[in-house]
Amino acid sequence: MFDKILIANRGEIALRIVRACREMGIKSVAVHSTADADAMHVRMADEAICIGPPPSSESYLSVPAIVSACEISGAQAIHPGYGFLSENASFVQILEDHNITFIGPTAEHIRIMGDKIAAKETMRKLGVPCVPGSEGGVATVKDAQRIGAEIGYPVIVKATAGGGGRGMKLARTEAEMESAFLTARSEAKSCFGNDEVYIEKYLTRPRHIEVQVFGDGKGAAVHLGERDCSLQRRHQKVMEEAPGPVITAEMRSKIGKICADAVAGINYRGAGTIEFLFEDGAFYFIEMNTRLQVEHPVTEMVFGVDLVREQIRVAEGLPMSFVQSDLELNGHAIEVRINAEKLPDFTPCPGTVTAYHAPGGLGVRVDSALYDGYTIPPYYDSLIGKLIVHGRDRPEALARLKRALGELIVDGIDTTIPLFDALLSEEDILTGNFDIHWLEKWLEENLG
Ligand code: ADP
């Protein structure tokens with residue numbers, strides 16, 4: 001059994017992991033940059049070690065600094081949270097070489113899923129439905145045009161090594177293919193150092209639906225339903241919910257079983273998310289994330305499980321604490337991401353929080369590392385908290401979200417709170433009638 005875990009992250013997710021450790025009786029070690037000496041995760045953890053200066057490349061992404069901190073503190077395992085080193089296969093390999101347990105999947109699984117062509121090929125073989133497209137990489141404009149003609153326009157050219165919505169270009173017609181192909185390739189080269197691209201049919205009005213899976217690394221796996229994360233800005237999720245407003249129980253158990261069987265088939269260990277586009281009743285795989293997601297709390301709320309606790313259990317070699325038939329979906333949960341950003345342009349605006357009050361009451365959860373007087377440093381992501389609500393059904397969750405937003409006070413900085421106040425009076429939000437383009441259009445019409 002682990003008695004000490006190092007958390008290689010910061011902010012709300014580091015605090016989230018400290019909480020799971022404390023409930024399990026495991027000591028936690030926070031690491032931090034000099035800019036985060038006063039951060040909440042540092043205050044809450046049992047121990048804290050400074051690992052470098054403010055830039056992430058010299059602290060939260062510094063493998064030697066993190067491995068040394070682990071050795072100095074005597075922690076047996078590292079939880080990576082999300083972002084930073086969470087999907088870095090060579091980091092995982094280095095931990096293995098140092099006999100430190102990585103709380104997550106194997107380096108090999110991270111590597112496969114980090115390469116989108118390999119991921120798609122693996123999933124296709126495991127029986128997961130994929131977006132129609134090229135078989136593997138596409139090398140020339142001529143090949144791109146031939147494939148475009150075969151699958152039919154519009155198509156999207158995507159970087160194999162892509163992430164964060166970069167390296168993707170749309171070609172509506174054959175005439176647009178040459179420039180889409182060449183731009184995607186050069187963007188892929190400059191962003192990811194790998195210019196390989198592939199082609200997919202472009203779905204015009206899909207929803208983003210992702211399935212939460214969990215494996216014990218020994219061939220047992222379950223699914224925990226889906227999340228609808230269609231409300232996005234620049235391919236970044238803004239608001240998420242579980243269950244998906246248009247997913248029926250029958251669809252859930254069918255796609256859920258396909259996903260659970262797929263990860264069982266590769267002996268996947270830990271939490272994973274299989275992302276799909278969903279259009280006209282059909283699911284199309286786009287990618288798999290081999291880590292805990294920002295939006296994992298909505299799943300926890302409707303299934304009543306602690307996913308971080310389960311991650312720690314399976315990393316220790318224990319079985320999951322549930323089997324599929326134990327998992328019962330209960331009610332509806334919604335999460336909104338509170339960012340330190342100024343509307344309408346979403347410009348990051350770090351600064352000092354002069355007053356902070358978190359909402360409470362039945363069915364309200366706040367995952368945040370904010371406190372009164374905290375100064376948000378300018379070096380990191382602008383996510384400062386997540387407000388999650390749970391209700392017996394979607395209308396109750398929406399009403400609770402509105403009520404909780406009204407209680408939430410974050411003074412001294414600009415935040416995305418007013419965006420959610422406005423969205424909650426939109427008919428389409430209330431009825432669940434949106435696709436992945438809905439929010440961009442709404443922002444243009446209302447804040448543009
Ligand atoms: P990334 O890893 O960069 O986030 P994804 O493959 O997950 O890339 O795609 C990000 C987003 O881009 C999706 O959520 C969706 O909004 C859009 N997208 C990706 N592939 C397609 C497609 N074939 N058709 C339409 N939209 C797509």
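Order of appearance sets the numbers: ligands from 1, and atoms from 1 within every ligand. Computed over heavy atoms, backbone and side chain alike; hydrogens, waters and symmetry mates excluded.
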Enquirer: Measuring only between side-chain heavy atoms, which start at C-beta, is Phe278 closer than 4.5 Å to Leu203?
Expert: no
Enquirer: Is Arg234 salt-bridged to Glu440, cutoff N-O under 4.0 Å?
Expert: no
Enquirer: Stepwise, does the ring-ring contact (aromatic ring centres under 6.0 Å, His included) test hold for Phe214 with Tyr268?
Expert: CA-CA 8 Å; Phe214 210 100; Tyr268 185 80; 8.4 Å; no
Enquirer: Could you check whether Asp36 pairs with Arg10 (Lys NZ or Arg NE/NH1/NH2 to Asp/Glu carboxylate O, under 4.0 Å)?
Expert: yes
Enquirer: Specify the protein heavy atom at minimum distance from atom 15 (C) of ligand 1: its residue, its atom name, and the distance to 0.1 Å.
Expert: Ile436 CD1, 3.6 Å
Enquirer: Can you pull out the closest protein heavy atom to atom 13 (C) of ligand 1? Residue, atom name and distance to 0.1 Å, please.
Expert: Ile286 CD1, 3.9 Å
Enquirer: If the cut-off is 4.0 Å to any non-hydrogen atom of Ile156, which atoms of ligand 1 fall inside it?
Expert: 22 (C), 23 (N)
Enquirer: Using a 4.0 Å cutoff against the non-hydrogen atoms of Glu287, which atoms of ligand 1 qualify?
Expert: 1 (P), 2 (O), 4 (O), 5 (P), 7 (O)
Enquirer: I'd like to know if Arg269 pairs up with Asp216 as an ion pair, taking the criterion as any Lys NZ or Arg NE/NH1/NH2 lying under 4.0 Å from an Asp or Glu carboxylate oxygen.
Expert: no
Enquirer: Identify, for atom 17 (C) of ligand 1, the protein heavy atom at the shortest distance, and state residue, atom and that distance.
Expert: His235 CE1, 3.7 Å
Enquirer: Should one rank Asp435, Val155, Leu277 by closest heavy-atom distance to atom 22 (C) of ligand 1, which comes out on top?
Expert: Leu277
Enquirer: Of the listed options (His208, Lys201, Met168, Lys116), which comes nearest to atom 10 (C) of ligand 1 when hydrogens are ignored and any heavy atom counts?
Expert: Met168
Enquirer: I'd like to check which ligand 1 atoms, numbered from 1 as shown, lie under 4.0 Å from a non-hydrogen atom of Glu275.
Expert: 7 (O)
Enquirer: Before accepting this row, confirm whether a basic side-chain N of the pair Glu287/Lys158 lies closer than 4.0 Å to the acidic partner's carboxylate O.
Expert: no
Enquirer: Find all atoms of ligand 1 within a distance of less than 4.0 Å from any non-hydrogen atom belonging to Leu203, and give their numbers and elements.
Expert: 24 (N), 25 (C)
Enquirer: What residue and atom, counting heavy atoms only, is the protein's closest point to atom 20 (N) of ligand 1, and at what distance?
Expert: Lys158 NZ, 2.9 Å
Enquirer: Would you mind running through ligand 1 and noting each atom that sits below 4.0 Å from a heavy atom of Gln232?
Expert: 14 (O), 16 (O)
Enquirer: Side chains of Arg16 and His296 only: does a donor on one sit below 3.5 Å from an acceptor on the other?
Expert: yes
Enquirer: For the residue pair His437 and Tyr202, categorise the inter-ring angle as parallel (less than 30°), tilted (30 to 60°) or perpendicular (more than 60°).
Expert: tilted
Enquirer: Identify the closest protein heavy atom to atom 3 (O) of ligand 1: which residue and atom is it, and at what distance?
Expert: Gly165 N, 2.5 Å
